[in-house]
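Here the structure comes first, spelled out in structure tokens, and everything after it is commentary.
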Amino acid sequence: MLDVQKIRADFPILHQSVNGKPLVYLDNGATSQKPRAVINSLVHYYERDNSNVHRGLHALSMRATDAYEGARARLAKFINAADSAEIIFTRGTTESINIVARSWGHAHLKPGDVVLTTEIEHHSNLIPWQQAARVSGATLKYVPVLGADAEGGLDLAALDQLLTPKVKVFAFTHISNTLGTINPIAEFCRRARAVGAITVIDAAQSIGHAPFDVQALGADFVSFSGHKMCGPTGIGVLYGRRALLDKLAPDETGGGMVSNVTYEDARWKPAPERFEAGTPNIADAIALGVACDYLDAIGRDQIAAHDAALSRYAMEQLSTLPGIRIIGPRVGAERSGLASFSFADVHAHDIVTFADEDGVALRGGHHCNQPLMRKLGLTGTTRASFYLYNTEGEIDVLVASLHRTLKFFGTT
Amino acid sequence: MLDVQKIRADFPILHQSVNGKPLVYLDNGATSQKPRAVINSLVHYYERDNSNVHRGLHALSMRATDAYEGARARLAKFINAADSAEIIFTRGTTESINIVARSWGHAHLKPGDVVLTTEIEHHSNLIPWQQAARVSGATLKYVPVLGADAEGGLDLAALDQLLTPKVKVFAFTHISNTLGTINPIAEFCRRARAVGAITVIDAAQSIGHAPFDVQALGADFVSFSGHKMCGPTGIGVLYGRRALLDKLAPDETGGGMVSNVTYEDARWKPAPERFEAGTPNIADAIALGVACDYLDAIGRDQIAAHDAALSRYAMEQLSTLPGIRIIGPRVGAERSGLASFSFADVHAHDIVTFADEDGVALRGGHHCNQPLMRKLGLTGTTRASFYLYNTEGEIDVLVASLHRTLKFFGTT
Amino acid sequence: MSADLTELYQQVILDHNKRPRNRGKLPTANRVAHGDNPTCGDQCSVYLRLEPSTSGTPARIAEISFDGSGCAISQASASLMTTQVKGKTAPEVEALYKNFHDIVTTGNAPEEISDLAAFAGVHAFPARIKCATLGWHAAIEALKAEPHETTTESHTD
Amino acid sequence: MSADLTELYQQVILDHNKRPRNRGKLPTANRVAHGDNPTCGDQCSVYLRLEPSTSGTPARIAEISFDGSGCAISQASASLMTTQVKGKTAPEVEALYKNFHDIVTTGNAPEEISDLAAFAGVHAFPARIKCATLGWHAAIEALKAEPHETTTESHTD
Ligand SMILES: Cc1ncc(COP(=O)(O)O)c(C=O)c1O
Ligand SMILES: Cc1ncc(COP(=O)(O)O)c(C=O)c1O
């Protein structure tokens with residue numbers, strides 16, 4: 001069990017009032033808050049060690065380089081990568097996926113090939129593949145989601161049909177940011193391997209919420225963002241299996257990723273440098289390493305259990321609201337720490353505005369999941385998403401706020 | 001005249017010892033240090049306002065969005081852009097140039113076209129154009145630099161020959177990070193316009209050191225990095241003229257840059273969103289806005305004068321060293337705040353290691369300028385680069401350190 | 001409920017939200033435009049019949065309707081808009097929109113346009129301005145010659 | 001001068017830097033490899049003549065030279081390397097390199113390889129390890145069958 005009060009003390013932002021009420025931050029699916037240790041890491045870096053990395057031999061530069069490469073090793077450990085060189089620092093999940101879709105897609109996709117993804121992907125794991133398919137002439141296919149409320153998860157029977165040897169890449173999310181669905185990613189990786197497809201896992205919603213082992217999965221590429229796992233904005237990771245990275249052309253070019261440059265030509269360094277053109281986001285990479293320390297000191301298995309318990313409690317409490325439509329896995333089924341719901345007569349935007357009056361931070365809209373919304377006959381939902389510092393008491397505040405809103409709009 | 005002692009008090013990192021000596025930070029060409037106001041901005045953001053932007057309606061999200069878009073407006077003002085929408089936040093100069101070379105290059109370059117750049121470009125403004133030329137079949141040409149020590153600046157007579165109507169894009173640096181050369185960018189822009197070429201200015205070394213007015217220049221694209229102008233790592237800007245941006249396809253795709261998405265297709269938002277896929281580097285963008293405030297409160301014209309004075313003093317003092325070879329414009333000529341030099345018998349790496357013993361942070365190597373080094377018959381130089389917090393006294397420490405090093409290696 | 005929120009969700013807005021005027025497709029429309037707010041997925045289509053005048057005066061909106069989905073603010077605003085622009089010429093609609101835009105951005109509502117004044121409360125919620133203007137944008141787009149799509153996700157808002 | 005720095009720039013290193021042994025192109029070489037350190041632009045080419053033994057024992061380095069440009073550490077290390085590997089077989093060179101690598105990374109130098117021990121001071125300057133190993137990497141690459149280029153910018157260092 002998490003000591004949530006102790007954890008809350010680590011997060012300065014939580015201790016404020018919004019519209020005269022204590023802040024209840026339930027927008028963790030969009031971004032998480034940051035513990036003091038992460039903020040302090042930024043301050044320490046800029047007050048003591050700031051310097052450009054790699055090309056410097058003076059004390060600050062050596063300290064900055066050690067800290068930056070130390071962060072890379074820390075991230076490798078965080079996901080159990082075999083080699084630090086498999087960790088490429090990016091701006092976040094979106095950039096990571098773009099690099100794979102572009103560099104790998106450019107080298108390997110051709111007409112007749114199939115790019116397989118799913119109906120529940122975030123735009124960031126969907127549009128890059130639309131583009132890769134368009135540019136290469138490959139066909140884009142989707143694993144369908146089951147149920148009128150998408151409560152049935154991805155259709156594994158359809159996967160049997162879809163996952164043919166024509167599939168060259170299978171890109172899927174670990175946890176849906178809209179539904180709370182947890183995909184069977186170990187099975188997906190195994191089955192993709194069986195047909196010779198590479199796997200690209202969007203771990204944006206899961207990485208800071210549950211243990212993750214790239215070697216156990218046999219994953220080929222994994223993308224995630226620091227800002228959703230207690231780290232700063234502007235930093236994320238692309239994990240790539242070394243054997244694949246070494247054969248991949250760089251995406252961006254410039255300083256730091258070349259071994260030899262003439263006016264006519266350039267030769268690339270190996271990974272990870274090959275994929276990190278220009279001055280990297282040094283301070284935020286280091287702070288992301290500190291976020292790993294923070295999360296692992298608490299224990300990601302513990303966090304997963306806490307998320308699941310809150311999710312269960314929220315589902316139970318929300319079910320009492322008249323006219324609510326909850327999407328994603330049903331109460332009792334395995335689901336991540338979020339609840340996504342709608343009401344026929346009150347729009348998500350109005351709910352979010354009213355909740356804000358009560359200090360509750362929610363997100364309303366399509367959650368970068370427009371095609372899924374359309375499939376479900378929705379323009380959007382209201383989403384409450386939880387993390388290690390949230391409590392059942394906060395869910396009670398949410399539910400009371402929703403009751404008041406429904407009353408105001410005369411639907412109860 | 002700058003009140004340098006007052007300025008130094010704003011930079012916590014400067015007040016430390018390195019190897020028992022006061023830190024003398026002369027590696028500003030690689031990255032600048034950060035004033036307390038910028039560091040505080042990060043802390044404030046993460047302790048009070050942190051939230052994802054754009055898609056949120058709760059208090060934190062509105063605050064974060066206002067601050068993020070406020071930073072965009074602040075950056076627009078900093079370079080006198082006509083419209084905030086012309087400011088695209090990127091990771092830095094390198095990414096900015098890649099976006100132009102890729103998106104604009106893909107749409108406009110074809111065999112027979114000429115891409116014109118110069119012999120003194122940083123790898124980040126060179127390799128992306130090599131790639132763009134290779135992919136499109138266009139020809140890459142270079143404006144030569146004059147003089148055995150590149151002291152003569154770019155060859156304007158050659159420019160007459162090179163800048164023909166075949167040139168579709170002219171990409172050049174404002175200030176050379178290796179030579180200290182200040183290019184006549186207003187003239188370059190005017191002459192490029194005359195032949196119908198677009199201009200892509202690498203302002204990495206100049207943006208925090210001198211006033212910059214995109215409208216007065218009539219520049220088409222301008223790239224710069226926050227970390228070299230007192231801002232954090234991981235954030236930079238691509239300025240693009242609105243008329244060009246509106247016609248440009250996005251580079252990366254994903255959440256936040258699309259207006260309508262189906263399983264088959266996606267439509268883009270206008271600039272700047274179109275070019276900012278995924279969660280942006282919110283905290284660092286806001287802090288970059290604070291860096292603009294800091295620099296403008298001091299005055300970029302004042303900073304430029306200070307840099308030039310230090311450069312002159314350094315050139316004079318360095319000239320007294322036996323066997324020194326100084327590259328770039330001669331003493332007395334216009335030059336930026338750096339000095340780049342070499343010795344026949346002592347390698348730059350040894351100099352940097354010895355200087356570090358005296359607390360002096362220098363950079364040694366090719367400065368991401370390998371082809372230029374080769375042209376000058378060098379494998380690298382030692383570079384001392386100055387900024388608003390440096391003093392003549394620090395240059396004296398540098399020169400004394402160099403004397404000791406030369407003596408140790410028995411060359412004096 | 002805070003004063004700001006009461007001001008935002010005025011009775012007239014709630015009324016238009018619950019009982020929208022001129023809602024649905026207009027079979028006789030000769031102009032249509034579609035607006036969406038990518039921030040939230042709100043959508044609004046405006047259908048109108050523009051009747052050319054015989055006497056040389058500019059064409060006027062003879063009939064108008066709207067359709068779509070969105071929050072209370074966007075739905076009520078679109079509904080109220082249809083009641084305000086009927087019978088007006090394109091320049092008159094644009095002038096009215098200018099007033100409306102001033103009201104939602106500043107909170108100051110001149111007396112003579114009292115119906116639109118119900119939206120003055122929006123100014124305290126800048127993120128909702130796009131909701132309030134969605135229907136107006138679609139109407140103005142529809143008034144332009146060839147029917148085509150529009151979006152409120154522009155930088156002037 | 002600090003103890004660390006004195007230790008780094010030992011007399012033997014300064015001597016090899018000033019008066020490099022076996023420097024220049026080797027006309028009789030049958031193997032060559034080129035290494036560069038992209039961090040600083042240092043370069044080192046190693047030329048060697050590998051002589052197959054007649055008696056079935058592995059081939060040995062009959063002659064060796066190096067060329068290039070770099071800092072005192074890299075030049076001295078390449079120079080010293082040439083004096084140490086002459087007459088050795090490829091496995092012997094690799095074993096020697098392993099010792100050398102241990103010395104520059106840990107600072108501990110076993111007695112019996114006292115010449116290489118001059119580089120123990122490098123361990124206090126991790127950024128310079130690549131300088132010290134540049135020539136060794138080139139030599140090991142040259143020993144491999146087909147002459148080809150190498151670079152020290154690998155992840156094992
Ligand atoms: C002239 C010039 N251009 C481009 C760059 C690349 O900037 P960044 O590494 O921040 O992308 C630099 C910085 O090293 C530079 O000095
Ligand atoms: C499942 C999923 N994938 C991808 C992303 C994109 O992450 P980012 O915006 O940090 O690039 C998100 C975050 O919104 C997400 O929830």
Side-chain angles (χ1 to χ4, degrees), chain A residues 12-13 18 30-31 33-34 39 42-43 46-48 50-52 55-60 91-95 98 122-124 127-128 130-131 142 225 227 232-235 252-255 258 261-263 266 277-279 281-284 349 352-353 356 361-365 368 370-371, chain B residues 12-13 18 30-31 33-34 39 42-43 46-48 50-52 55-60 91-95 98 122-124 127-128 130-131 142 225 227 232-235 252-255 258 261-263 266 277-279 281-284 349 352-353 356 361-365 368 370-371:
Chain A
I13 202 169
V18 162
T31 200
Q33 298 304 339
K34 323 303 173 200
I39 303 172
L42 295 171
V43 173
Y46 287 124
E47 290 195 349
R48 299 297 300 171
N50 176 61
S51 176
N52 215 322
R55 291 179 293 279
L57 292 170
H58 57 81
L60 265 50
R91 182 172 27 249
T93 310
T94 303
E95 184 178 35
N98 272 273
H122 188 280
H123 290 166
S124 290
I127 309 175
Q130 285 184 345
Q131 296 290 105
Y142 295 91
S225 303
H227 68 94
T233 58
I235 191 78
E252 293 185 353
T253 56
V258 275
V261 185
T262 64
Y263 286 125
T279 303
N281 189 349
I282 307 165
D284 291 329
H349 270 197
V352 173
T353 296
D356 189 52
L362 300 175
R363 194 138 295 230
C368 290
Q370 281 186 25
Chain B
I13 201 169
V18 162
T31 200
Q33 298 304 342
K34 325 302 174 198
I39 303 172
L42 295 171
V43 173
Y46 287 125
E47 290 196 347
R48 300 297 300 172
N50 175 61
S51 175
N52 215 321
R55 293 179 292 279
L57 292 170
H58 58 79
L60 264 50
R91 181 172 29 249
T93 309
T94 303
E95 184 178 35
N98 272 274
H122 188 279
H123 290 166
S124 290
I127 309 173
Q130 286 184 344
Q131 296 289 105
Y142 294 90
S225 303
H227 69 92
T233 58
I235 192 79
E252 292 185 353
T253 56
V258 275
V261 186
T262 64
Y263 286 125
T279 303
N281 188 348
I282 307 166
D284 290 329
H349 269 196
V352 173
T353 295
D356 190 51
L362 298 175
R363 193 138 297 229
C368 290
Q370 281 186 24

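Below, read A as the first sequence line, B as the second, and so on, with proteins coming before strands; counting in each chain starts at 1. In what follows, every heavy atom counts, from backbone to side chain, and hydrogens, waters and symmetry copies are set aside.
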Checking [X] against chain A: side chain, backbone, both or neither under 4.5 Å from a heavy atom?
| X | result |
| --- | --- |
| B/V18 | side chain |
| B/Y142 | side chain |
| B/E47 | both |
| B/L60 | side chain |
| B/E252 | both |
| B/S225 | neither |

Exercise for review: Return the set of residues passing ring-ring contact (aromatic ring centres under 6.0 Å, His included) with A/H123 (not counting sequence neighbours), or none when no residue passes.
Suggested key: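 Here the qualifying residues are A/H366.
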Exercise for the section: Sequence neighbours left out, what passes side-chain contact (heavy atoms from CB on, under 4.5 Å) with A/T279? Give chain and number order. Expected result: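 Only A/N52, A/I282, B/H227 meet the side-chain contact (heavy atoms from CB on, under 4.5 Å) criterion with A/T279.
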I want to check something: taking the side chain as every heavy atom from C-beta on, are B/L57 and A/L362 in contact at a cut-off of under 4.5 Å?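 No, too far: nothing below the 4.5 Å cut-off.
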### Query
If you tally heavy-atom pairs under 4.5 Å against chain B, which of A/A30, A/A277, A/P128, A/G254 wins?
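Among the listed options, the one with the most contacts to chain B is A/G254.
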**Request:** Quick one: which of A/N50, A/I39, A/T31 has the most heavy-atom pairs under 4.5 Å with chain B, could you say?
**Result:**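 The candidate making the most pairs under 4.5 Å is A/N50.
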Which of [options] touches chain A most, by non-hydrogen pairs under 4.5 Å:
| options | answer |
| --- | --- |
| B/P232, B/P371, B/A59, B/P12 | B/P371 |
| B/V258, B/V352, B/T262, B/T353 | B/T262 |
| B/H58, B/H122, B/Q33, B/R91 | B/H58 |

If you round to the nearest 0.5 Å, how far is CG of B/D284 from CD1 of A/I235?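 If I round to the nearest 0.5 Å, the distance is 9.5 Å.
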* Rounded to the nearest 0.5 Å, how far apart are CZ of A/R363 and SG of A/C368? ->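 Rounded to the nearest 0.5 Å, the CZ-SG separation comes out at 9.0 Å.
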Under 3.5 Å donor-acceptor, A/T233 side chain and B/A283 backbone: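 Yes; at least one donor-acceptor contact below 3.5 Å.
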query = Ignoring hydrogens and geometry, is there a side-chain-to-backbone donor-acceptor pair from A/N281 to A/G234 under 3.5 Å?
reply =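 The answer is yes, because a donor-acceptor pair under 3.5 Å joins these two groups.
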At their closest point, which heavy atom of B/Y46 faces which heavy atom of A/K34, and how far apart are they?
->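 Distance-wise, the nearest heavy atoms are CD2-CG, 3.4 Å.
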